[in-house]
Amino acid sequence: LYARRGETFSAQRGLVELGGMHFASVLVLVFGTIPCALCLTTHSRVFVARSKRNLVTMMAGKNKPPASGAGSKREMNRSYKKKVFIKDSHTKEEFELKQYKVPELLGKKKGFAGGAVSSAKSGPFGDLAAWVESKGGKADGLAVGQVTPGRRGIFATRSFKKGETIFSIPHDSCILDEGLADASPVSAVWKMRQALETQVPVPSTHKVALYLIFNMVAGDGDWAEAGAMLPTRTDFETEGGPMLLWSSAEVAEVHCPALISKVENDHETLREVYDQVVGPVWTEESGRAGSSLHGVAPPSFADFELAVGVVTSRAYVGDESKGQGHMLIPLVDQCNHDNPSLVNTVKTMAPWGDFMVLAAFKIQKGDEILVTHGPLPNRQLLTQFGSVLPVDPKTLTDAAMPGSNSPLVDFMAALPADHDADAVEALCLKGALQRSRPGGPPVATQKIGPLLEEAAAALGLDYKKLLSDALETYPTLLEEDRALLEAPATPRQRLALDFRMAMKAKLQEEIGRV
């Protein structure tokens, strides 16, 4: 009401006016006009609820009302009536998804909104939680904290019941993905590349990264709260960060040729996309009148590289057919990953358009909220996220999982030039050898284990010698690495040491088994 008048809100004055309205209704009641009194009292209660809603919106920094009315996105979402369930990939237990509704404000014990606006911690995380809530999402009962030196995570500030919604993040108003990038002004970068006669494709992660850059430098500021929580280069250096941002010397410390080659190829692709697409196209569109990028300066290579690193290390994989192959999901992307059998949550994109995270079992106050990107091997975790997990045999429960954290050996190079190609194909069909792609040739480096032992025997190779040769290719011994681990120079060196020590230990263990 005060906003409509153009006046400054005063709690004292508001109470006086509100008290006056109730006093007037009492006078009417005293004089016996009961219907009028009931009407006036009811009106005053509606006034209170609506005024509090407007106040919460203004507190969250939004002066315009949320979208509503027939045909609006949020209004259409409310009409979703079917029951929806999500299955825990590890326990196979089903949980019902319940559409989150912003709580009514009148009479709630928790105060305004009963959620992130009032209960989130102050600072960037609190601002982000309030922003999500202002968009119709849910993010209450959470705070950011330190897990280990240089590594942050999300912790519960209250308990969550089994099946309770922890996060509900609206897709259209909070999440960045490839589909939204394709419909944004920055899509001119990859849509206009044909004009420069370049056939260099722009990967999904690069599109989302460019959309992120555009939102931060030329957007309407609506993503500022989410952007403030994204890691900087310094943050990545402190935590480790994706190997795309590591120096060549740091990458070499992993002592894994296949991993080093993967990082080098990723960086070559990044440089090619920037030099042949992003730089020239954005520069041309920036100077062209009428372009959606007119007047917007192109990012430097360093900015582009950092944005891609942010996306690859934080994005969740969704339905590619809906443009959700890679999604940046505020707040959820602050949660740390673990093996599917060890996390305390389940997650999915609900059919009404919210990305939801539920408690897989009761979560106590003070527990870290852990999510999973799937049963990923440490090679991928280190490359993409800049982290490694302890190699625990108890977590290797999926049929496709055993051996995924095992070292790679250069198997195909060990075969004689006149090896039996039909026998190799038969071993691929059997699953003893891994292919580079469905129907494609076997990859050059294969994971050690009983299946590779079977393949080596079928093709006349000495499996134990293959393992010993692989161990000898490492420039340092396991004992030397243990000594270095006592005082690593940087977090990235520690990650590299953790990774290569696990590989050497597994090789020694397999040699002992054979």
Working to the nearest 0.5 angstrom, can you tell me the gap between Met327 CE and Lys322 NZ?
10.5 Å
Could you check if a side-chain atom of Phe385 sits within less than 4.5 angstrom of a side-chain atom of Leu376, using non-hydrogen atoms only?
yes
Within a radius of less than 6.0 Å around CD of Glu320, do more than 12 heavy atoms belonging to other residues, nucleotides or ligands occur?
no
Residue pair Met503, Val254: steps toward the side chain to side chain contact (heavy atoms under 4.5 Å, CB included) verdict:
CA-CA 10 Å; Met503 297 299 102; Val254 298; over 6 Å; no
Which label fits Tyr274 and Phe301: parallel for a plane angle under 30°, tilted from 30 to 60°, or perpendicular past 60°?
perpendicular
What pairs with Ala218 under side chain to side chain contact (heavy atoms under 4.5 Å, CB included), at least two apart in sequence or on another chain?
Phe214, Val296
Listed pairs under 3.5 Å, donor-acceptor, residues 306-317 side chains, sequence neighbours left out:
| unit_1 | atom_1 | unit_2 | atom_2 | d |
| --- | --- | --- | --- | --- |
| Thr312 | OG1 | Val308 | O | 3.0 |
| Thr312 | OG1 | Gly309 | O | 3.2 |
| Ser313 | OG | Gly309 | O | 2.8 |
| Ser313 | OG | Val310 | O | 3.2 |
| Arg314 | NH2 | Asp333 | O | 3.1 |
| Tyr316 | OH | Val332 | O | 3.2 |

If I compare all heavy atoms of Val357 with all of Phe355, which pair ends up nearest, and what's the gap?
CG2-CE2, 4.0 Å
Would a 4.5 Å heavy-atom cut-off, applied to side chains only, mark Ile175 and Ile329 as touching?
yes
Any side-chain to backbone donor/acceptor pair from Thr445 onto Val409? Under 3.5 Å, distance only.
no
Applying ring-ring contact (aromatic ring centres under 6.0 Å, His included), can you list everything that pairs with His326, at least two apart in sequence or on another chain?
none
For Ser247, what residues pass the side-chain hydrogen bond (donor to acceptor under 3.5 Å, both in side chains) criterion, not counting sequence neighbours?
Glu250
pair Lys138-Met356: side-chain heavy atoms closer than 4.5 Å
no
If you define the side chain from C-beta out and look only at heavy atoms, does anything of Leu245 sit under 4.5 Å from Arg492?
yes
Close side-chain approach of Phe125 and Leu331, heavy atoms under 4.5 Å:
yes
Partner of Ile166 under side chain to side chain contact (heavy atoms under 4.5 Å, CB included), chosen from Leu358, Val346, Thr345, Val371
Thr345
Distance-only donor-acceptor pairs under 3.5 Å for side chains of residues 448-456, two or more places apart:
| unit_1 | atom_1 | unit_2 | atom_2 | d |
| --- | --- | --- | --- | --- |
| Glu453 | OE1 | Arg513 | NH2 | 2.8 |
| Glu454 | OE2 | Lys430 | NZ | 2.3 |

Asn378 CG to Thr383 OG1 distance, which is reported to the nearest 0.5 Å
10.0 Å
At their closest point, which heavy atom of Asn344 faces which heavy atom of Ile363, and how far apart are they?
O-CD1, 3.7 Å
Any non-hydrogen side-chain atom of Arg500 less than 4.5 Å from a side-chain atom of Thr476?
yes
Separation of Arg482 CZ from Leu497 CG (nearest 0.5 Å):
12.0 Å
Which residues share a side chain to side chain contact (heavy atoms under 4.5 Å, CB included) with Ser286, sequence neighbours left out
Trp282
Taking all atoms of both residues into account, what is the closest heavy-atom pair of Leu128 and Ala226, and its distance?
CD1-CA, 3.5 Å
Exam field: side chain Trp223 to backbone Cys174, donor-acceptor pair closer than 3.5 Å
yes
In Å, rounded to the nearest 0.5 Å, how long is the span from SG of Cys335 to CD of Glu368?
8.0 Å
Donor on one side chain, acceptor on other, Thr232 and Asp235, under 3.5 Å:
yes
Got a donor-acceptor contact below 3.5 angstrom from the Thr473 side chain to the Ala470 backbone?
yes
Identify the two heavy atoms, one from Ala156 and one from Leu142, that lie closest to each other, and give their separation to 0.1 Å.
CA-CD2, 4.4 Å
Minimum side-chain heavy-atom gap Val278-His206 below 4.5 Å:
no
Evaluate the salt bridge (charged side-chain N to carboxylate O under 4.0 Å, His left out) criterion for residues Arg435 and Glu425: first the C-alpha distance (whole Å), next the side-chain angles of each, then the deciding distance (0.1 Å), finally the verdict.
CA-CA 10 Å; Arg435 298 182 188 271; Glu425 175 63 19; 2.8 Å; yes
Has Asn336 got a side-chain atom pairing as donor or acceptor with Arg152's backbone, closer than 3.5 angstrom?
yes
In chain order, what residues pass the side chain to side chain contact (heavy atoms under 4.5 Å, CB included) check against Glu272, with sequence neighbours excluded?
Val200, Gln276
Ring centre gap for Phe499 and His255 strictly below 6.0 Å:
no
With sequence neighbours left out, write down each residue that passes side-chain hydrogen bond (donor to acceptor under 3.5 Å, both in side chains) with Gln380, or none if nothing qualifies.
Gln384
Can you name the residues that form a side-chain hydrogen bond (donor to acceptor under 3.5 Å, both in side chains) with Tyr463, not counting sequence neighbours?
Glu510
Decide, yes or no, whether a salt bridge links Glu480 with Lys504 under the criterion of side-chain N to carboxylate O below 4.0 Å.
no
Please report the C-alpha distance between Glu305 and His267 in whole Å, then the side-chain angles of each, then the deciding distance to 0.1 Å, and finally whether the side chain to side chain contact (heavy atoms under 4.5 Å, CB included) criterion is met.
CA-CA 9 Å; Glu305 179 186 51; His267 209 272; 2.7 Å; yes
side-chain hydrogen bond (donor to acceptor under 3.5 Å, both in side chains) partners of Thr269, counting only residues at least two apart
none
Please report the interatomic distance CE(Met243) to CG(Leu259), rounded to the nearest 0.5 Å.
4.5 Å
With Ala487, which residues qualify under side chain to side chain contact (heavy atoms under 4.5 Å, CB included), at least two apart?
none
Test side chain to side chain contact (heavy atoms under 4.5 Å, CB included) on Phe411 and Leu433; report intermediate values, then the result.
CA-CA 10 Å; Phe411 184 82; Leu433 293 177; 3.8 Å; yes
Closest non-hydrogen atoms of Leu461 and Ala414, given as atom of the first, atom of the second and distance, are CD2-O, 3.5 Å
What heavy-atom pair brings Val132 and Ser168 nearest, and what distance separates the two atoms?
CG1-O, 4.3 Å
Please check this pair: side chain of Lys135 against backbone of Ile169, looking for a donor-acceptor N/O pair closer than 3.5 Å.
no
List the steps and the verdict of side chain to side chain contact (heavy atoms under 4.5 Å, CB included) for Glu284 and Met192.
CA-CA 10 Å; Glu284 182 176 330; Met192 297 298 292; over 6 Å; no
Give, for atom OG of Ser291 and atom CD of Glu285, the distance between the pair rounded to the nearest 0.5 Å.
3.5 Å
Sequence-distant partners of Glu239, salt bridge (charged side-chain N to carboxylate O under 4.0 Å, His left out), two or more places apart:
none
Could you tell me if the side chain of Asp319 sits less than 4.5 Å from the side chain of Met349, heavy atoms only?
no
